[in-house]
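Along the sequence shown, the residues carry numbers beginning at 1. FYI, side chains are in, hydrogens and waters are out, and symmetry mates aren't considered; it's all heavy atoms of this structure. Computed from a predicted model, the values in this text were never measured in an experiment.
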Amino acid sequence: MPLYEHVFISRQDLSNTQAEGLVEHFSTVLADNGGKVVDSEYWGVKTMAYKINKNRKGHYAFLKTDAPAPAIHEMERLMRLHDDVMRVLTIKVDDHEEGPSVQMQKKEDRGDRRERR
């Protein structure tokens with residue numbers, strides 16, 4: 001099955017448990033349609049570059065999935081209809097990277113980066 005990565009932003013006035021509950025809800029939607037969530041991460045509340053629906057902050061969540069295309073389409077459709085979800089990004093990938101995502105790594109563990117001047 002194809003591999004996908006999803007990032008979605010939910011409203012800032014949700015509690016942490018409600019935001020994590022959205023991850024579980026969309027995981028069950030995938031499971032009901034023949035897919036599975038390989039890994040999920042809750043990134044927390046982050047400030048956005050610009051306002052979306054009068055919100056400056058949002059709860060960010062990241063999912064790594066292994067699912068057929070119809071299951072992904074159904075999950076995206078339900079995400080777009082959900083009142084608490086503001087934005088969704090889905091990317092098809094060749095393989096999932098091992099370990100935590102860049103957002104969850106410590107700055108020392110991110111590897112070599114140029115020094116700022």
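Cluster membership for Val7 and Tyr50, using ILVMFWY side-chain heavy atoms within less than 4.5 angstrom, is shared. Criterion: ILVMFWY side-chain heavy atoms under 4.5 Å apart, direct or through other members. Under it, Leu89 and Val93 are part of a common hydrophobic cluster.
Not counting sequence neighbours, the partners of Asn16 by the side chain to side chain donor-acceptor pair (under 3.5 Å) test are Tyr42. Residues satisfying the side-chain contact (heavy atoms from CB on, under 4.5 Å) test with Asn55, not counting sequence neighbours, are Arg11, Gln12, Met48, Asn53, Met86. By the salt bridge (charged side-chain N to carboxylate O under 4.0 Å, His left out) test, Arg80 is found to be paired with no residue, residues two or more places apart in sequence or in another chain being considered. Considering only residues two or more places apart in sequence or on other chains, Tyr60 meets the ring pair (Phe, Tyr, Trp, His ring centres under 6.0 Å) condition with none of them. Listed by chain and number, the residues in a salt bridge (charged side-chain N to carboxylate O under 4.0 Å, His left out) with Glu74 are Arg77 (sequence neighbours excluded).
Across every non-hydrogen atom of Pro2 and Pro68, the tightest pair is CD-CA, 4.4 Å.
A distance of 13.0 Å separates CG of Asp66 from CG of Asp39, quoted to the nearest 0.5 Å. Distance check, rounded to the nearest 0.5 Å: CD of Gln18 to NE2 of His59 gives 8.0 Å. To the nearest 0.5 Å, atoms OG (Ser10) and CG (Asp83) are separated by 12.5 Å. Asn33 contributes atom CG, which lies 9.5 Å from atom OG1 of Thr28 (distance to the nearest 0.5 angstrom). To the nearest 0.5 Å, atoms NZ (Lys64) and CD (Glu41) are separated by 6.0 Å.
By the 4.5 Å side-chain criterion applied to Ile, Leu, Val, Met, Phe, Trp and Tyr, Phe8 is assigned to a cluster that also includes Tyr4, Leu14, Leu22, Val23, Phe26, Val29, Leu30, Val37, Leu63, Ile72, Met75, Leu78, Met79, Val85, Val88.
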